[in-house]
Amino acid sequence: MALTRYAVKRLLGILPLLFLLSLLSFSIIHLAPGSPASTLLGEKAFDPAAVQALEERLGLDQPLPLQYLSWLSRVLSGDLGQSIGLKPGYPVIQLLGERVFPTLALSVSSLLLALLIAVPLGVTSALKPHSFFDRFFSFLAFAEFSLPNFWLAMMLILVFSVSLNWLPSSGMADPRLASFSWPDFFAHLLLPMVVLALGEAAALTRYVRGSMLEVLQQEFIRTAKAKGLPSHVVFYKHALRNALLPLLTLLGYSIPGLLSGAVLTETVFGWPGMGRLAVNAVFSRDYPVLMAEVLLFGFLTLIGNLVADILYACADPRIRYEQP
Amino acid sequence: MRFLFALALLLSLAGCSAPSQGSSLSASNALVWGSIGDAKTLNPLLSSDSASSDVIGLVFDGLIGVNPKTLEPYPRLAESWNVSEDGLTYTFTLRPGLRFQDGGLFSSADVKFTFDRLLDPATDSPYKDAVQYLERVEAPDASTVVFHLSKPDCSFLLTTGFGVLPRHLLEGRNINTAAFNSHPVGSGPFRFSEWKPDELIRVSAFDGFFSGKPYLDEIIYKVVPDNLVIQEQLITGEIDLAGIEPEQVPRFRQNKNLDVYVYSTNNYTFMGFNLLHPFFRDQRVRKAFSHAIDLEALTESTMLGYGETANGPLSPVSWAFNPDVKPPAFNPDLALGLLREAGFADSDGDGVLDKEGKPFSFELLTNKGNKQREKAAVIIQYYLKKIGVQARVSVLEWPTFLDQVNRKRFDAVILGWSLGLDPDASGIWHSKKAGKYNFVSYANPEVDQVLDEALIVPGCAEEKRKPLYWRFQELIAEDQPYVFLFYGSSTVGVNKRFTADDGILASPLGLLWNIERWKLKPEYAE
């Protein structure tokens, strides 16, 4: 049960890391110039007395260590506080909660689509390296990799929404519809999903191709071939399984990305995701919202790393996590 | 397993790529209003951003309204009002039988409650200055409201147009954080129905509205965070109404599904000097700048023909505007002469003027996100370079920008003011009213006096206040604490399906001042 002990140990290690992360982020966020008053008070924010009064009411005039301690004690008791800039008075937990479904819907579907594109393309490219097929898709992957997402998004909108009028260009649902409908939701999801998926697929294809090529060089493949196994069994059973192992790790690392959202894509397509929330929170100096997001992403990153390590150990018997 | 799910997802996608035709529409005469930002709060006392104010304008109504043509106040939820001779008491009589959208009775107690909250120091309202002379509010009976002022204030009347809050839903709550602020109840033409954050806010016709149920069933305030996408959605019909960029106006005018409205707005853009700066303290330097910049060319290239060169601190929209004050003429030689007079010369031959060994180089600050200001900054930099002055343009995001300005850590800024309908501009120019918006530290005793006098004119008659404001504009033109750049305008695209009783009328109040009387043209109505 070395693995369980390893996992527990790592989980306990997350706590001090999260604490350090929160301390550091809290300091940096509060040291940035400006205050939430700048967006709350409108033109009145030019009146230093009004700004000061608001900051006093929000407790922002207190020494920073005190502010941190009171924030920490609230968080430890399970209260993430209320928004002070984006939607004053609104519970932070609710603000984050509203974004979970849209963010996950977009990130999970685009990751799946990316895998659906990347695995077959990567494998096929690796089977005949330097062939026309391989070169063509390598070129496409690099081309897509260097395209900015917002540009691609705009082009897709111009073609599929404006010219052809097939797909809606923004939002999650047609506001004129009386009730939620899945076909309408998927129509809205399609363009942003494709934009994100293409970007991820470009990188993943290269990854799968490399990993597959590496496996094909190994001796057990030669053995399998020598045994006289049909080539499709060699490729798709022996080689592919081994080549996809490192992908598991990659999936572990992508867990935080699933919830952090994609700011630019969300902005162009008006998708109400986590990324836009984070950016808007920065611009309105909404400290409680920002800190909650930092904690969430920090936690997911650490968990994601742990999951990746554990998955790897499960999948690859050569890796053992033992007590020193 | 996972791949199977993905496959299923993909297949289901393939089957539904056409957008939702044939599904039931909730309201065929809904208007979709596009906005780049989401609202922050739907409480009229607290809102300061335009998205919040847009929606609040649909849900709430006030005692008085403003006539779109004359810009004079007229009764709305109040039936009538009168002002005591000493200008200290304003008495309003409410219309009978008014109700809030939740069915609650609307009475003078609600009006008193609203203004009491505005006066309460614990309320984080950006509108406190509007009630600085309001002492107390009384509700002697259900249909009478009396405002008592500590000092006559001719700008007070327009303040009473404030959206009225329902006391029965807010009494005893913390107004800054009440849940009410995200699902409000007012007495305006449209009832709040839902808010999907960063997506849309939906309001629907209120049948108890004082002048009758609005014709449109629904207004959907749709958040589309990218400006280019907003413009394209106007074309695809996904949005019915939205502001458009001046450079897009010709393209939209050619579109047969859209009407384009252009109207002057009550605001101006300026370059403000930090008057504590040793160079800018000298009036000759400020005058030199105003002559060094070709203001007409600047207006043309930033506003593309939809703006007007500014001449001072009031806009032509206002009755108090003084057309005799002309914008400074473009004359670089005159500018250079004035700078020489002020002691500047290029003594080291590096192409930059200097004085007492200090080169004339300063930081020109503006805020990120306003294209016109960023353009204006670069144009100003160009013209100043020609007379040997070096402007270093710096564009900061808003909170940082404000922080610099409030700490007086700036040389000059480019910014704009939106003006109230009353010409009183004490907040910006008065030296004594403890640092409100006078961040440039302007102080002229005569300006203070004129502004004070104009606020306490007995009877507040326009013809008596006007000469004082004309004098005020002359004094500002003489001092040049700002280089006034241009008056703004709005360009809005509206789907051709819509019209209003007597047609859609653009006014400095905007397009939607009579939104309750908007409707579909007969050929589009079902």
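Protein chains get the first letters and strands the later ones, always in sequence-line order, with residue 1 at the start of each.
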Less than 4.5 Å apart, any side-chain heavy atom of B/K40 and any of A/D286? no

Within the supplied structure, the quantity of interest is the number of heavy atoms (other residues, nucleotides, ligands) at a distance under 6.0 Å from A/I93 CD1; does it exceed 12? no

Count the heavy atoms of every other residue, nucleotide or ligand shown that sit under 6.0 Å from CZ of B/R173, and state whether that count exceeds 12. no

Rounded at 0.5 Å granularity, tell me how far CG in B/D198 sits from CG in A/L277. 7.0 Å

Spacing of B/L46 atom CG and A/L41 atom CG [to the nearest 0.5 Å]: 10.0 Å

Heavy-atom pairs under 4.5 Å with chain A: which of B/L396, B/V32, B/N227, B/T41 has the most? B/V32

Of the listed B/D49, B/L200, B/L228, the one with the largest count of heavy-atom pairs under 4.5 Å with chain A is B/L228

Residue from A/P91, A/A45, A/S284 scoring the most non-hydrogen pairs under 4.5 Å with chain B is A/A45

Scan side-chain atoms only and decide if A/S169 and B/E238 contain a donor-acceptor pair under the 3.5 Å cut-off. yes

One pair to check against side chain to side chain contact (heavy atoms under 4.5 Å, CB included): A/R276 and B/V223. What are the steps and the verdict? CA-CA 12 Å; A/R276 264 169 77 198; B/V223 183; 3.7 Å; yes

Basic-acidic side-chain contact under 4.0 Å: A/K44, B/D124: no

Measure A/L58 against the heavy atoms of chain B and call it side chain, backbone, both or neither at under 4.5 Å. neither

Between B/E397 and A/R285, does any NZ, NE, NH1 or NH2 come within less than 4.0 Å of an OD or OE carboxylate oxygen? yes

Rounded to the nearest 0.5 Å, the CG atom of A/D47 sits from the NZ atom of B/K128 at a distance of 10.5 Å

Examine whether an atom of B/S182 lies under 4.5 Å from a heavy atom of chain A, and if so say whether it belongs to the side chain, the backbone or both; otherwise answer neither. side chain

Contact summary for B/P197 and A/P272, nearest pair of heavy atoms: O-CB, 3.6 Å

May I ask you to check whether B/T177 and A/Q82 show a side-chain donor-acceptor distance below 3.5 Å? no

Identify which part of B/S52 has an atom lying under 4.5 Å from any heavy atom of chain A, answering side chain, backbone, both or neither. neither

How far does CG of B/N406 sit from OG of A/S35, to the nearest 0.5 angstrom? 9.0 Å

Between CG of B/N176 and CG of A/L40, what distance do you get to the nearest 0.5 Å? 9.5 Å

Is there a side-chain contact between B/P225 and A/E266 (heavy atoms, below 4.5 Å)? no

Contacting moiety of A/F283, where chain B heavy atoms sit under 4.5 Å: both

Looking at every heavy atom in both B/R202 and A/L177, which two are closest together, and how far apart are they? NH2-O, 4.3 Å

In terms of heavy-atom pairs under 4.5 Å with chain B, which of A/G273, A/P33, A/G89 leads? A/P33

Using 0.5 Å steps for rounding, measure from the CD atom of B/Q233 to the OG atom of A/S170. 4.0 Å

Picking from A/L158, A/T39, A/T267, A/L54, which has the most non-hydrogen pairs under 4.5 angstrom with chain B? A/T267

Parallel, tilted or perpendicular, as decided by the 30° and 60° cut-offs, for the rings of B/F439 and A/F46: parallel

Side chain, backbone, both or neither of B/I230 within contact of chain A (heavy atoms, under 4.5 Å): neither

